[in-house]
Amino acid sequence: WSFWINYHSHTNYMGIFYTGTGTSTYRLKFQNTGQQIYLEASGGDLLLGDLGTDIEGTGWHHILFNRVSGTVKTYLDGNEVDSVSRTDTVNSNGNTLYIGFNASTSYVIDGNLTNMALWKGTSLSESQIATVYNSGKPGNLSSLSPTTWWKMGDGDEFPTIKDHAGSNNATMNNMDRNDIEPIVPGS
């Protein structure tokens, strides 16, 4: 996973994304502070990455999780900041993927997300991670073949968020035309 975030203020369980139903759910969320990101899976909450600093109210940041042979490495603004052993598999099982949301309207993220990309079954090299970070400005990820890539504001037309890597277009919910922001990190 890779995404850019401008995290305005923190409340526990702020959702980055959520998918699933019933006991088969997956959530990527902030918990405790704007520093720790947890993956909640059917087996409970697992610390996925400690950013090493609280990013609440500090502007745009790039976060990337890269799994290599059962180890998830966390990158903040192009630098590796954490690694944990994780072998869990996230599978939406055809359920809707919600961005900026954690299964309840009480946990909608207070901030902005842009350029969210997912690579399924692929680990990125250090060089590729540097390409994704692009010296602090979202760039063209086409050469890295993401499974899904939502630019979220760059060429989108309400109510569709275009998948620039495949055919997984998203539909905006609880949003209107004015929520599409062309302003991105580094601009």
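This structure is a prediction, so every number in the text was calculated from the model and none was measured. The chain is numbered in sequence order, starting from 1.
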Same cluster for [X] and [Y] if Ile/Leu/Val/Met/Phe/Trp/Tyr side chains link at under 4.5 Å?
| X | Y | answer |
| --- | --- | --- |
| L39 | Y75 | no |
| F17 | I63 | yes |
| I37 | M116 | yes |
| I129 | V81 | no |
| V132 | W150 | no |

Could you check whether T160 and N169, counting side-chain N and O atoms only, form a donor-acceptor pair closer than 3.5 Å? no
Would you say the side-chain atoms of H61 and D77 include a donor-acceptor pair closer than 3.5 Å? yes
How about Y7 and F30: are their ring centres within less than 6.0 Å of each other? yes
Would you say the ring centroid of W4 lies under 6.0 angstrom from that of Y133? yes
Distance in Å, [X] [atom1] paired with [Y] [atom2], rounded so as to fall on 0.5 Å steps:
| X | Y | atom1 | atom2 | result |
| --- | --- | --- | --- | --- |
| T53 | Q35 | OG1 | CD | 6.0 Å |
| D82 | T74 | CG | OG1 | 5.0 Å |
| I161 | D156 | CD1 | CG | 6.0 Å |
| R67 | S83 | CZ | OG | 14.0 Å |
| T58 | I5 | OG1 | CD1 | 10.0 Å |
| H164 | M152 | NE2 | CE | 11.0 Å |

Under a 3.5 Å distance rule, please check whether [X] uses its side chain to pair with a backbone N or O of [Y] as donor and acceptor.
| X | Y | value |
| --- | --- | --- |
| D50 | G52 | yes |
| E56 | H10 | yes |
| N66 | S123 | no |
| W119 | L144 | yes |
| T114 | K151 | yes |

For residues L48 and Y38, determine if any side-chain heavy atom of one lies less than 4.5 Å from a side-chain heavy atom of the other. no
Take L64 and L124, measure what side-chain contact (heavy atoms from CB on, under 4.5 Å) needs, and give me the verdict at the end. CA-CA 10 Å; L64 184 141; L124 299 176; 4.0 Å; yes
Looking only at heavy atoms, which two atoms of A165 and P146 are closest? And how far apart? CB-O, 3.2 Å
Closest contact, heavy atoms only, G111 versus H8: CA-CD2, 2.9 Å
Which of these, F65, W149, W1, sits in a side-chain contact (heavy atoms from CB on, under 4.5 Å) with L118? W1
